[in-house]
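I have placed the structure first, in the form of structure tokens, so that the comments after it can refer back to it.
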Amino acid sequence: MVSKLQSDLTREADARAGLERQNAKLNSDIFQLNARIEEVEASARSAAKNKISQLEIKIRQLENDCSAESKARGDAQHALKNLDRVIREKEFNSDEDMKTIQRLQGQIEFQNNKMKALRRTIDDGEAQIAVMQNKLRKAIHDVEEAEERSAMLETQLVRGGRGGGSTRITTRRVFTSSIGPASSTTVTSSSKTE
């Protein structure tokens, strides 16, 4: 009976020693796990801190990009407004140029009509001058014929003079001015003396 109790106590002691070894091993494992957890947490904190720093840098870059894009958008809108103003000015100037062209065309047409009327007046004047020149040539021709007849009459009078009286023939030229060459008119007068 005693040996059985001793055997049971031995088994209990062995079991207790085994439990203590397991407990020691578990404590060692827990310590290692806690150390590992601390390492992991430190690494995670460092990685998170680095990630947060990178994200903050990225955010600042994005903010700068947004600011630059906003500025570029504002510049583009300002340039668009300026372009729209320039286009309106060009359209206004184009309308003014078109009005000026139409006004100049009207003036040119008026001047052309005026020149045509002046040309007609010149043509009419030239026609009247031609008619007057023809009349002048006819008048000169008539004067020349009258001079010839006057000369013939003078000759006849000189030859046909008889008796104690004598016939005196006076020929007087009267010059008149007109358009064209100078012309002359001969006036013949006779007087008889006893």
Side-chain angles (χ1 to χ4, degrees), residues 1-136 177-180:
M1 182 73 180
V2 173
S3 70
K4 183 178 179 182
L5 288 173
Q6 289 179 347
S7 175
D8 290 337
L9 288 172
T10 301
R11 284 195 300 272
E12 286 291 335
D14 291 338
R16 185 173 180 176
L19 289 174
E20 288 178 354
R21 286 193 298 272
Q22 289 179 359
N23 187 24
K25 187 177 183 303
L26 288 173
N27 288 331
S28 176
D29 291 340
I30 289 171
F31 178 78
Q32 291 178 357
L33 287 174
N34 286 330
R36 181 63 180 166
I37 287 170
E38 289 178 359
E39 290 178 359
V40 170
E41 287 179 349
S43 177
R45 283 193 297 270
S46 177
K49 186 176 180 181
N50 292 333
K51 190 67 175 178
I52 290 171
S53 297
Q54 292 177 358
L55 288 175
E56 288 176 349
I57 294 172
K58 186 67 175 178
I59 288 170
R60 285 193 295 271
Q61 290 177 348
L62 289 174
E63 288 176 349
N64 292 332
D65 292 342
C66 289
S67 177
E69 183 177 356
S70 177
K71 184 177 182 301
R73 186 181 295 109
D75 293 340
Q77 290 177 351
H78 182 69
L80 184 62
K81 289 180 181 178
N82 289 336
L83 182 61
D84 183 64
R85 178 176 56 80
V86 170
I87 290 173
R88 288 197 299 269
E89 290 177 355
K90 294 294 184 183
E91 289 177 349
F92 176 78
N93 292 333
S94 178
D95 293 338
E96 291 298 319
D97 292 340
M98 184 62 66
K99 291 178 182 178
T100 301
I101 290 172
Q102 292 176 353
R103 185 169 60 253
L104 291 175
Q105 287 177 345
Q107 292 178 359
I108 290 172
E109 185 175 0
F110 175 76
Q111 293 296 331
N112 287 334
N113 293 332
K114 189 175 180 180
M115 289 177 64
K116 289 179 181 178
L118 183 61
R119 183 61 186 173
R120 286 193 296 269
T121 302
I122 292 172
D123 291 340
D124 293 340
E126 289 178 349
Q128 293 177 1
I129 290 172
V131 171
M132 293 176 67
Q133 287 178 346
N134 290 331
K135 290 182 178 180
L136 178 60
S177 62
S178 178
I179 297 175

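Below, all heavy atoms of this structure are taken into account, side chains as well, without hydrogens, waters or symmetry copies.
- We find the CG-CZ distance between D123 and R119 to be 4.5 Å, quoted to the nearest 0.5 Å.
- To the nearest 0.5 angstrom, K116 atom NZ is 8.5 Å from E109 atom CD.
- Annotation for E12: atom CD does not count as buried by contact number, only 12 or fewer foreign heavy atoms lying within 6.0 Å.
- To the nearest 0.5 Å, atom CG of residue L26 and atom CZ of residue R21 are 13.0 Å apart.
- Contact check for H78 versus D75: no side-chain heavy atoms found under the 4.5 Å cut-off.
- A salt bridge links R73 to E69: at least one charged side-chain nitrogen sits closer than 4.0 Å to a carboxylate oxygen.
- Atom CG in L55 sits 11.0 Å away from atom CZ in R60 (nearest 0.5 Å).
- Distance alone, capped at 3.5 Å, places no donor-acceptor pair between the S67 side chain and the E63 backbone.
- The neighbour count for Q111 CD, taken as heavy atoms of other residues, nucleotides or ligands under 6.0 Å away, is above 12.
- Considering NZ of K51 and CD of E56, their distance stands at 12.5 Å, rounded to 0.5 Å.
- Checking side-chain atoms of S70 against main-chain N and O of C66 turns up no donor-acceptor pair under 3.5 Å.
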Review point. Between D95 and M98, is a side-chain contact (heavy atoms from CB on, under 4.5 Å) present by the stated rule, with each step listed?
Key: CA-CA 5 Å; D95 293 338; M98 184 62 66; 5.6 Å; no
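- A salt bridge is defined here as a Lys NZ or Arg NE, NH1 or NH2 lying under 4.0 Å from an Asp or Glu carboxylate O, and R36 with E39 meets this definition.
- Contact check on D124 versus R120 returns no salt bridge, with no Lys/Arg side-chain nitrogen under 4.0 Å from an Asp/Glu carboxylate oxygen.
- In this structure a side-chain-to-backbone donor-acceptor pair under 3.5 Å is missing from S46 to A42.
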- [ ] In sequence, state the C-alpha distance, the side-chain angles, and the governing distance for L104 and Q107, and then conclude on side-chain contact (heavy atoms from CB on, under 4.5 Å).
- [x] CA-CA 5 Å; L104 291 175; Q107 292 178 359; 3.7 Å; yes
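- Rounded to the nearest 0.5 Å, atoms CD (Q77) and NZ (K81) are 6.5 Å apart.
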Open item on the list: I'd like to know whether N23 forms a side-chain contact (heavy atoms from CB on, under 4.5 Å) with L19, so could you lay out the CA-CA distance, the side-chain angles of the two residues, the decisive distance to 0.1 Å, and finally the verdict.
Closed with: CA-CA 6 Å; N23 187 24; L19 289 174; over 6 Å; no
